[in-house]
Amino acid sequence: MNYVPAELERRGYLLRRPGAASNSTALQLTHKGRQMYVPMRSCVTAVEQEWKEHLGEQRFNALRETLQDLSAWLGKVD
């Protein structure tokens, strides 16, 4: 997955810095990256709505909870 942040950095959307842990990297949005936040969230909202319509609200919510649990378990989200 390193190619995704590398490409975003190359295009000027984020900066990568050494993280607090020796084997981690902190990502920081640039001004250009912050300008993309609203359009990006709009796109995510549209995709989530499509998935919710396909799966139904209960299954979609279960999927979201499962993904959040996995992300926390992997140490990606507090």
Side-chain angles (χ1 to χ4, degrees):
M1 290 263 323
N2 192 42
Y3 67 92
V4 174
E7 184 62 20
L8 292 171
E9 183 177 38
R10 187 183 75 75
R11 292 178 181 225
Y13 292 104
L14 64 81
L15 299 171
R16 291 189 288 179
R17 303 272 191 248
S22 62
N23 63 345
S24 68
T25 301
L27 302 177
Q28 178 183 6
L29 289 175
T30 63
H31 176 71
K32 184 178 177 181
R34 287 189 301 277
Q35 288 180 314
M36 292 305 300
Y37 183 79
V38 171
M40 180 179 58
R41 282 303 310 154
S42 177
C43 182
V44 168
T45 299
V47 169
E48 287 179 342
Q49 185 59 39
E50 287 181 30
W51 290 8
K52 191 180 291 187
E53 289 170 8
H54 176 73
L55 295 173
E57 190 164 350
Q58 185 175 3
R59 289 179 63 207
F60 175 78
N61 289 340
L63 172 63
R64 174 182 271 171
E65 285 180 30
T66 299
L67 292 174
Q68 288 172 339
D69 286 349
L70 285 171
S71 186
W73 178 66
L74 292 169
K76 307 294 183 203
V77 175
D78 292 328

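Here, residue 1 is the first one in the sequence, and each next residue gets the next number.
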How many angstroms lie between atom [atom1] of [X] and atom [atom2] of [Y], to the nearest 0.5 angstrom?
{"X": "Glu50", "Y": "Phe60", "atom1": "CD", "atom2": "CZ", "value": "11.0 Å"}
{"X": "Met40", "Y": "Gln35", "atom1": "CE", "atom2": "CD", "value": "12.5 Å"}
{"X": "Met36", "Y": "Leu8", "atom1": "CE", "atom2": "CG", "value": "10.0 Å"}

Looking at [Y], is its backbone amide N or carbonyl O close enough to the side chain of [X] to form a donor-acceptor pair, meaning the two atoms are under 3.5 Å apart?
{"X": "Thr25", "Y": "Arg17", "value": "no"}
{"X": "Thr45", "Y": "Arg41", "value": "yes"}
{"X": "Thr66", "Y": "Ala62", "value": "yes"}

Work out which heavy atom in [X] is nearest to a heavy atom in [Y]; give both atom names and the distance.
{"X": "Thr30", "Y": "Leu15", "value": "CG2-CG, 3.8 Å"}
{"X": "Trp51", "Y": "Leu63", "value": "CE3-CD2, 4.2 Å"}
{"X": "Gly12", "Y": "Lys32", "value": "O-CB, 3.6 Å"}
{"X": "Leu14", "Y": "Pro5", "value": "CD1-O, 3.9 Å"}

Same cluster or not: are Val38 and Tyr13 linked, directly or through other Ile, Leu, Val, Met, Phe, Trp or Tyr residues, by side-chain heavy atoms under 4.5 angstrom apart? no
If hydrophobic clusters are built by linking Ile, Leu, Val, Met, Phe, Trp and Tyr wherever their side-chain heavy atoms come under 4.5 Å apart, do Leu27 and Tyr3 end up in the same one? yes
side-chain contact (heavy atoms from CB on, under 4.5 Å) partner of Asn61, chosen from Gln58, Arg59, Glu57: Glu57
Is Lys52 salt-bridged to Glu48, cutoff N-O under 4.0 Å? no
CZ (Arg16) with more than 12 external heavy atoms under 6.0 Å: yes
